Amino acid sequence: PFTTDDAEFNALLAGSVTIGYIPTQDLASKARLTKQGYSFAPWYGYGFVYFPYNYTNPTVGPIFKQLYFRQAFQSLVNQPQYIKQFDAGFGNLESGPVPTYPKTNPFQSPLEKKGLMYPYDPTKAVSLLRDHGWKVVPQGTSYCINPGTGPSQCGQGISANEQMKFNLLYASGNTEQTNEMEALQSTARSVAGIDLTLSTQPFQQVIGTAFSGCTYSTPCTTWQMANWLGGWTYAPDFLPTGGELFATGAGSNGGDYSSPVNDANIVATHTAPNQSSEISALFKYEDYLVKQLPAVYLPDTPLQLTMYKSNLKGLLPQDG
């Protein structure tokens, strides 16, 4: 393991690793590595990239439970920009829990194939917040001015003058992820007055924090949003039913998202009597989470831009 991209790239330049990766910020040096006997192959996983909200957090969990907030926040994620500026053009747009790569994936529903359900749209984000009782303060911190549970109010558990201030923990050592999180932080505050405080920890600590046993009876106050880098890969269980991820109480449901409708949809994907029914059930599950946004969807970028010694046999294809 390497703690930073720079350390790994230096080892690659020194020829001391047989299989490594080239960080996107160092792609200009790919020809140099090729001359040193390396070959290049982007490696995509069969999965999707996301990071969870902590719905059990007693301070901000009630905000996360509001669909309008999740719609607004997702509308501030500029996936095309992230791919172009931070990932050297490598990546796929993601709007749900079923992989968009490969494009021939038979489990991707017609709805998800249409593209992003909530594309980058700062105007929509601001409108959603204002329409639900928030005083939007661009370059500042937005706050609730109309508490209550009505259609134009902030929502259950949100008090008057409560601010949109959140902590976002993410894994250190990856330049692309740092760039994405800093861009999101800047956009959220400048456009919608959503104040994100960023902090970093090593990958293992972020995972440990996000999966520390939070429940609604024993809520976690140690984190609010957590991005451990990479999301989820469906392997070796390639059917993307989501039972491990978003079912109530599931082991990999780090933020404790809970929806009876979603739970029923997942059960249907597990108990379908035939393949046709299974696909239909899977599309229903998928479309629900495309619309409900249980987590923040990010671009599906390669697991790594692999560089490997050209005389190495048997490595490809990596995507299998």
Side-chain angles (χ1 to χ4, degrees), residues 44-53 55 64-87 89-125 127-128 176-177 180-181 183-184 187-188 191-192 194 225 227-234 238-247 252-255 257 259 261-262 265-266 269 279-303:
Y44 286 91
Y46 181 64
F48 71 109
V49 179
Y50 74 102
F51 66 84
Y53 303 103
Y55 292 96
F64 295 156
K65 291 177 184 177
Q66 309 303 316
L67 176 58
Y68 73 81
F69 170 78
R70 302 196 301 274
Q71 292 171 332
F73 197 72
Q74 187 68 53
S75 298
L76 297 172
V77 178
N78 194 340
Q79 292 197 39
Q81 178 202 38
Y82 297 173
I83 291 172
K84 180 179 179 180
Q85 293 188 359
F86 308 143
D87 300 304
F90 294 97
N92 304 290
L93 303 179
E94 287 288 354
S95 63
V98 172
T100 58
Y101 178 89
K103 296 188 181 301
T104 55
N105 179 13
F107 302 129
Q108 191 180 34
S109 73
L111 176 65
E112 195 166 3
K113 285 182 179 179
K114 289 181 179 179
L116 297 178
M117 174 64 70
Y118 300 101
Y120 180 67
D121 191 341
T123 301
K124 179 178 181 179
S127 179
L128 281 164
E176 297 100 307
Q177 177 160 268
E180 288 185 5
M181 294 301 94
L184 178 58
T187 300
V191 170
I194 298 175
M225 303 179 188
N227 184 359
W228 53 81
L229 177 62
W232 184 265
T233 300
Y234 295 100
F238 294 103
L239 188 66
T241 63
E244 306 110 317
L245 289 173
F246 296 120
S252 295
N253 187 351
Y257 173 75
S259 162
V261 174
N262 179 62
N265 289 344
I266 289 174
T269 69
I279 292 295
S280 177
L282 187 63
F283 285 178
K284 184 177 180 180
Y285 152 77
E286 178 181 353
D287 289 352
Y288 183 77
L289 292 191
V290 166
K291 297 173 183 177
Q292 289 293 311
L293 300 167
V296 182
Y297 297 129
L298 295 172
D300 174 32
T301 54
L303 298 176

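Residues take their numbers from the sequence shown, with the count starting at 1. Only a predicted model underlies this, so the values are computations on that prediction, with no experimental measurement involved. The basis for the numbers below is simple: all heavy atoms, side chains too, and nothing from hydrogens, waters or symmetry mates.
- Atom CG in L76 sits 7.0 Å away from atom OH in Y120 (nearest 0.5 Å).
- Two residues are said to be in side-chain contact when any heavy atoms from C-beta on lie closer than 4.5 Å; E94 and Y50 fail this criterion.
- Residues E180 and D87 form a side-chain contact, since some pair of their non-hydrogen atoms from C-beta on lies under 4.5 Å apart.
- With a 4.5 Å cut-off on side-chain heavy atoms, Y257 and Y53 do not count as touching.
- Listed for the E286 side chain is a donor-acceptor partner under 3.5 Å among the backbone atoms of S109.
- When side chains are defined from C-beta on, I279 counts as touching F107, because their heavy atoms get closer than 4.5 Å.
- Open room surrounds NZ on K84; 12 or fewer heavy atoms of other groups in view lie less than 6.0 Å from it.
- With 3.5 Å as the limit, one finds no donor-acceptor pair spanning the side chains of N92 and T100.
- The main-chain N or O of T123 is never found under 3.5 Å from a side-chain atom of S127 such that the two would form a donor-acceptor pair.
- Here the CG atom belonging to L93 is positioned 15.0 Å from the OH atom belonging to Y101, to the nearest 0.5 angstrom.
- Y285 is not listed as a side-chain neighbour of T241, based on a closest heavy-atom distance of 4.5 Å or more.
- Taking 4.5 Å as the limit, some side-chain heavy atom of P52 sits within range of a side-chain heavy atom of W228.
- To the nearest 0.5 angstrom, L184 atom CG is 4.5 Å from Y82 atom OH.
- Ring-plane geometry between F48 and Y234 is classed as parallel, the angle between the planes falling under 30 degrees on a 0 to 90 degree scale with a further cut at 60.
- Between D300 and G47, the shortest heavy-atom contact is OD2-O, 3.9 Å.
- Atom CG of residue D121 and atom CD of residue Q74 lie 12.0 Å apart, to the nearest 0.5 angstrom.
- Panel note: side chain T269, backbone I266; a donor-acceptor pair is recorded below 3.5 Å.
- Formation of a donor-acceptor pair under 3.5 Å by the N253 side chain with backbone atoms of A247 is found in this model.
- Using a 4.5 Å cut-off on side-chain heavy atoms (C-beta onward), N78 and T187 make no contact.
- A heavy-atom distance below 4.5 Å is not found between the side chains of F246 and N265.
- For the pair Y118 (side chain) and S95 (backbone), a donor-acceptor distance under 3.5 Å is absent.
- Atom NZ of K65 has more than 12 heavy atoms from other residues, nucleotides or ligands within 6.0 Å.
- Between F51 and F73, the closest heavy-atom pair is CZ-CE2, 4.3 Å.
- Between I83 and G91, the closest heavy-atom pair is CD1-C, 3.7 Å.
- Between the R70 side chain and the A295 main chain, no donor and acceptor come within less than 3.5 Å of each other.
- In this structure, L239 CG and L282 CG are separated by 6.0 Å, a value rounded to the nearest 0.5 Å.
- Evaluated for a side-chain contact (heavy atoms from CB on, under 4.5 Å) with L298, the options Q79, M181, Q177 yield exactly one hit, M181.
- The CD atom of Q108 sits 8.0 Å away from the NZ atom of K103 when rounded to the nearest 0.5 Å.
- Listed for the E112 side chain is a donor-acceptor partner under 3.5 Å among the backbone atoms of G96.
- Checked against a 6.0 Å centroid threshold, the rings of W232 and Y46 do not count as neighbours.
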